[in-house]
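Step one of this worksheet: look at the structure below.
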Amino acid sequence: MSEKNMELTETPAAGRVEEDADLQTTKYMIGVSDGLRYGIDAEKVETILTDHTITRMPCVPEYVRGIVNLRGQIMPVIDLRLRLGKMPRDKCIIMVVNVESEAVGILVDTVEKMVDIPRDIILPMPTQNHQKLISGMCSLPEGGTLLILDCDLLLHG
């Protein structure tokens with residue numbers, strides 16, 4: 001049994017209600033690309049790089065901008081704009097995420113902040129607007145829409 005689960009069984013009832021409320025939200029790091037806000041599960045985000053050289057690679061899909069050497073680890077860098085069929089941008093930030101136990105860089109225009117989103121307000125994408133890589137969407141408390149990015153699909157055609 002995990003430590004968190006052990007805490008739930010050993011705490012008074014009031015503590016359990018508080019823990020249960022925590023379990024019903026997910027933290028997302030918001031990255032902006034082409035004017036759209038994308039939520040990336042904060043548990044998958046390893047680091048954010050603002051100034052790294054991307055080495056181009058031959059014979060890779062267009063959306064793979066190249067590779068980066070991060071502390072001796074070579075990782076691919078995916079341009080989110082290109083992956084979603086948009087025009088690329090030169091100045092970008094790399095969000096390093098864990099995808100299938102491997103580090104992968106995602107190029108975004110900016111990183112905004114971390115937010116807690118209640119799981120029950122995340123809606124599936126409407127079928128007429130279905131975009132690959134997007135697993136859901138929700139409204140942000142301060143206004144605007146957050147698209148939930150499914151990082152596990154980034155590397156799959």
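Taking 4.5 Å as the limit, every side-chain heavy atom of Thr55 sits out of range of all side-chain heavy atoms of Val68. Using a 4.5 Å cut-off on side-chain heavy atoms (C-beta onward), Arg65 and Ile78 make no contact. Counting only heavy atoms from C-beta outward, the side chains of Ile30 and Met114 never approach each other to under 4.5 Å. Within the 4.5 Å cutoff, side-chain heavy atoms of Leu49 are placed close to those of Leu70. Side-chain contact between Tyr38 and Leu80: present, with at least one pair of heavy atoms (C-beta onward) separated by less than 4.5 Å. Between Ile134 and Ile148 there is no side-chain heavy-atom pair separated by less than 4.5 Å. Put simply, the side chain of Leu146 does not reach to within 4.5 Å of the side chain of Ile122, judged on heavy atoms.
Atom CD of residue Gln24 and atom CG of residue Asp116 lie 12.5 Å apart, to the nearest 0.5 angstrom. To the nearest 0.5 Å, atom CG of residue Leu147 and atom OG1 of residue Thr145 are 7.0 Å apart. With rounding to the nearest 0.5 Å, the separation of OH in Tyr28 from NZ in Lys44 is 10.5 Å. Taken to the nearest 0.5 Å, the CD atom of Gln73 stands 7.5 Å off from the CE atom of Met75. Expressed to the nearest 0.5 Å, how far CG of Asp150 lies from OG of Ser135 amounts to 5.0 Å.
A salt bridge links Glu142 and Lys113; the closest N-O separation between the charged side-chain nitrogens and carboxylate oxygens is under 4.0 Å. Ion pairing between Lys91 and Asp109 fails under the 4.0 Å rule for side-chain N and carboxylate O. Asp41 has no carboxylate O lying under 4.0 Å from a charged side-chain N of Lys27, or vice versa, which leaves the two without a salt bridge. The residues Arg89 and Asp34 are annotated as not salt-bridged, no charged nitrogen and carboxylate oxygen being separated by less than 4.0 angstrom.
Summarising the geometry of Gly105 relative to Ile94, their closest heavy-atom pair is CA-CG2, 3.7 Å, with the distance given to 0.1 Å. Residues Glu46 and Ala103 come closest through the heavy atom pair OE1-CB, 4.0 Å. Of all heavy-atom pairs between Ser33 and Arg81, the closest is OG-CG, 3.2 Å.
Judged purely by atom type and a 3.5 angstrom limit, Arg83 has no side-chain atom pairing as donor or acceptor with the backbone of Tyr63.
Among Val45, Ile48, Val104, Thr47, the one residue that satisfies the side chain to side chain contact (heavy atoms under 4.5 Å, CB included) test with Val96 is Thr47. Test Ile67, Val77, Val64 against Ile54 for side chain to side chain contact (heavy atoms under 4.5 Å, CB included) and you get one pass: Val77.
Residue Leu133 is not grouped with residue Ile117 when hydrophobic side chains (ILVMFWY) are merged at heavy-atom distances under 4.5 angstrom, including chains of intermediate members. Residues Leu36 and Val97 share a single hydrophobic cluster, defined by chaining ILVMFWY side chains whose heavy atoms lie under 4.5 Å apart. Tracing side-chain contacts under 4.5 Å through hydrophobic residues (I, L, V, M, F, W, Y), one never reaches Leu107 starting from Met57; they form parts of separate clusters. Cluster annotation: Val60 is connected to Ile74 through the hydrophobic network of ILVMFWY side chains, with a link wherever side-chain heavy atoms come within less than 4.5 Å.
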Quiz item: Does the pair Met29 and Val111 meet the rule for a side chain to side chain contact (heavy atoms under 4.5 Å, CB included), with working shown?
Solution: CA-CA 8 Å; Met29 179 70 73; Val111 175; 3.6 Å; yes
Exercise. Before giving the answer on side chain to side chain contact (heavy atoms under 4.5 Å, CB included), spell out for Arg119 and Thr25 the whole-Å C-alpha distance, their side-chain angles and the decisive distance to 0.1 Å.
Key: CA-CA 5 Å; Arg119 291 185 187 138; Thr25 65; 5.9 Å; no
Quiz item: Passes side chain to side chain contact (heavy atoms under 4.5 Å, CB included), Cys151 versus Ile106? Steps please.
Solution: CA-CA 9 Å; Cys151 293; Ile106 302 173; 4.1 Å; yes
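Counting heavy atoms of neighbouring residues, nucleotides and ligands inside a 6.0 Å radius, atom CD of Glu43 does not exceed 12 of them.
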